[in-house]
Amino acid sequence: MSCSRERPKGCRKRKSVRGCVVGPDLATLSLVISKKGEQDIPGLTDDSRPRRLGPKRASNIRKLFNLEKKDDVRNFVVRRELNEKKKK
């Protein structure tokens, strides 16, 4: 079974084979937490992580920090921290 079928213009696209079946032979699951329960899940919901990257577009930065048009957006840009390594 090839897991793909022919598309127009020769493109191949993967099809899902398993569907919604979850078994012990799966290595990883892709999940989204939609509602937080009464107790925390250790290592998952008990700590809060800040965003690694912020928005790039000026209008989205204004929306995130509730800024006005006259505020300077460049002061609110979220940049990731770089670990400088020694070059050889």
Side-chain angles (χ1 to χ4, degrees):
M1 189 171 190
S2 71
C3 297
S4 61
R5 65 183 176 90
E6 195 66 26
R7 298 276 180 184
K9 298 182 184 175
C11 301
R12 293 175 59 155
K13 184 178 176 186
R14 267 187 84 86
K15 289 194 312 183
S16 100
V17 177
R18 292 197 49 127
C20 62
V21 178
V22 176
D25 54 335
L26 291 178
T28 60
L29 288 175
S30 178
L31 301 174
V32 175
I33 298 174
S34 60
K35 184 178 175 185
K36 192 172 179 181
E38 298 171 4
Q39 297 178 341
D40 288 334
I41 301 170
L44 189 63
T45 58
D46 57 351
D47 61 340
S48 63
R49 289 182 175 174
R51 281 187 179 176
R52 196 175 134 256
L53 295 175
K56 294 170 88 173
R57 191 169 289 186
S59 60
N60 292 335
I61 294 172
R62 284 189 188 101
K63 191 185 339 177
L64 179 67
F65 292 106
N66 296 325
L67 302 176
E68 296 178 3
K69 274 279 201 187
K70 63 182 179 182
D71 294 327
D72 190 14
V73 177
R74 292 174 290 185
N75 299 333
F76 293 90
V77 174
V78 179
R79 291 188 175 91
R80 65 185 173 121
E81 296 179 16
L82 297 175
N83 297 331
E84 295 187 23
K85 297 179 182 179
K86 293 183 179 179
K87 295 184 179 180
K88 294 182 182 178

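The basis for the numbers below is simple: all heavy atoms, side chains too, and nothing from hydrogens, waters or symmetry mates. Numbers for residues simply follow the sequence, beginning at 1. On a predicted model such as this, the values are computed, not experimentally measured, just so you know.
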| Gap separating the NZ atom of Lys36 from the CD1 atom of Ile41, nearest 0.5 angstrom | 9.5 Å
| request: Could you pull out the closest heavy-atom pair between Phe65 and Phe76, with the gap in Å? | output: CE1-O, 3.3 Å
| query | Can you name the nearest heavy-atom pair linking Val77 to Ile61, along with the distance? | reply | CG2-CD1, 4.2 Å
| note | Here the pair of heavy atoms bringing Glu68 nearest to Arg62 is O-NE, 3.7 Å
